[in-house]
Amino acid sequence: MEIIHTISELRSRLKVESLIVFVPTMGSLHAGHIDLMRVARERAGVGGCVIVSIFVNRLQFGPKEDFGKYPRTLSDDCDKCRAARVDVVFAPDESEMYPEPQTYLVEPSEIQHILEGAVRSGHYRGVATVVLKLFNMVQPQVAVFGKKDYQQCRVLDNMARQLNLPVEMLLAETVRADDGLALSSRNGYLSPNERTEAPQLSAALSAIKSALRKGERNFVALESHAQRTLMARGWLPDYIVIRRQSDLLPPSISDRALVVLAAARLGATRLIDNLEVSI
Ligand code: PAF
């Protein structure tokens, strides 16, 4: 596995490759990332090149989010990439990625202001901008993102389509523990009691999914029942909503491709999860 820090080295290393499968990350890699690398390795096959970028992107942090405190664990991360049979790690520093103030930005329209975007102003603009820059540097045929961050997947998938980027977006399924809890680095902050309670979030999403599948169409009633159920168990939900998969706006009765999204606090930990539903 090679570890590359500059764009010029990256370009000369990748120009011999005919299939590049790319997994962008901010490092601090956990089981969810390892699964994205497994998906990438599978897609690349023996002849393709799997590349992982590790870059903590200042542009997607809000003024109240501590960019400085984000864990930077490059050597550990590289060990994990090596074990996952990654071919190249691209780890540019700040001056390589942003040699001058980034005044040209990708604006993802309404979708950047709702749900997670409502509490993280500017976040998806920062994500879309850095991913477009990374795509231009790596020029992958395929890019892999995890559906655990569903809104991010939708923002980036819509960007690739609307800007005609020549990249196939491979959106990987969320990896779950046996009890249904979506894997996340935040699960590590849960106390033993909270860890026992945590699967109730995915249980609430599953209950909505099965009601929709049975023909229930009162979306508001389903959402507020789930909210009340979680609140009664001590959760503080930010949102539990049924949305259209395409743009994450509220569905009409004729929409068929739906997704249930939730964000809720359990003690001091904020968990997010989602479940796609086709009806
Ligand atoms: O999901 C992430 O880790 C980041 O948002 C991404 C896509 C690597 C952009 O910095």
Side-chain angles (χ1 to χ4, degrees), residues 4 7 10 20-40 50-62 65-74 76-78 80-81 84 86 88-94 96-98 102 105-108 111-112 115-117 119-138 140 142-160 163 165 167-175 182-188 248 261 263 270-274:
I4 292 177
I7 299 165
L10 179 76
I20 298 170
V21 183
F22 179 36
V23 184
T25 81
M26 297 209 301
S28 188
L29 302 176
H30 54 71
H33 293 111
I34 306 302
D35 193 63
L36 299 184
M37 293 176 207
R38 181 192 59 74
V39 169
V50 174
I51 166 162
V52 170
S53 66
I54 297 178
F55 177 69
V56 185
N57 176 36
R58 179 190 295 276
L59 225 57
Q60 70 191 72
F61 285 75
E65 299 171 60
D66 203 340
F67 166 75
K69 285 213 177 115
Y70 194 88
R72 281 137 174 107
T73 53
L74 184 60
D76 236 47
D77 290 342
C78 287
K80 290 178 183 162
C81 289
V86 166
V88 177
V89 166
F90 177 48
D93 67 16
E94 183 88 8
E96 189 70 5
M97 188 60 84
Y98 296 120
Q102 186 72 31
L105 301 160
V106 180
E107 283 291 342
I111 196 169
Q112 71 166 312
L115 305 172
E116 289 304 292
V119 283
R120 304 184 74 185
S121 173
H123 173 69
Y124 289 114
R125 177 174 52 214
V127 170
T129 303
V130 80
V131 169
L132 182 59
K133 282 169 73 81
L134 286 164
F135 280 3
N136 287 332
M137 293 167 192
V138 175
V142 183
V144 185
F145 296 92
K147 282 191 193 173
K148 168 78 171 36
D149 291 317
Y150 199 87
Q151 191 169 358
Q152 169 167 283
C153 282
R154 206 34 77 208
V155 164
L156 296 175
D157 194 41
N158 291 353
M159 171 181 84
L163 298 181
L165 305 182
V167 55
E168 174 193 328
M169 302 291 278
L170 210 171
L171 307 182
E173 294 305 326
T174 301
V175 188
L183 295 193
S184 159
S185 49
R186 298 200 177 176
N187 298 350
L248 304 188
L261 303 120
R270 185 173 184 273
L271 299 177
I272 62 167
D273 200 354
N274 66 81

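All values below come from the heavy atoms of this structure, side chains included, with hydrogens, waters and symmetry mates left out. Counting convention: from 1, in listed order, for ligands and their atoms alike. Numbers here are sequence positions counted from 1.
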- prompt: Strictly by modelled atom types, are Tyr98 and Asn57 linked by a side-chain donor-acceptor pair under 3.5 Å?
  reply: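 There is such a pair between these side chains.
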message: Side chain or backbone, does Asn57 bring an N or O within less than 3.5 Å of an N or O on ligand 1?
response: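 Such a contact does not occur with ligand 1.
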message: Does any N or O of ligand 1 fall below 3.5 Å from an N or O anywhere on His33, backbone included?
response: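 There is no such contact.
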Taking the side chain from [X] and the backbone from [Y], do they hold a donor-acceptor pair closer than 3.5 Å?
X	Y	result
Gln151	Leu115	no
Asp35	Thr174	no
Lys133	Met97	yes

task: Indicate yes or no: at least one non-hydrogen side-chain atom of Ile272 is less than 4.5 angstrom from one of Asp149.
output: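 Sidechains of Asp149 and Ile272: in contact.
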query: Which protein non-hydrogen atom lies closest to atom 10 (O) of ligand 1, naming both residue and atom, and how far is it?
result: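 For atom 10 (O) of ligand 1, the nearest protein heavy atom comes out as Gln60 OE1, 2.7 Å.
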Taking only heavy atoms of [X] into account, list the atoms of ligand 1 that are under 4.0 Å away from them.
X	value
Gln152	1 (O), 2 (C), 4 (C), 5 (O), 7 (C)
Thr25	8 (C)
Val130	9 (C), 10 (O)

task: Look at atom 3 (O) of ligand 1 and find which of Arg58, Met26, Lys133 reaches it with the closest heavy atom.
output: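 Nearest option to atom 3 (O) of ligand 1, by heavy atoms: Met26.
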query: Above 12 or not: heavy atoms from other molecules or residues under 6.0 Å from CZ of Arg72?
result: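 For Arg72, atom CZ is crowded (more than 12 foreign heavy atoms under 6.0 Å).
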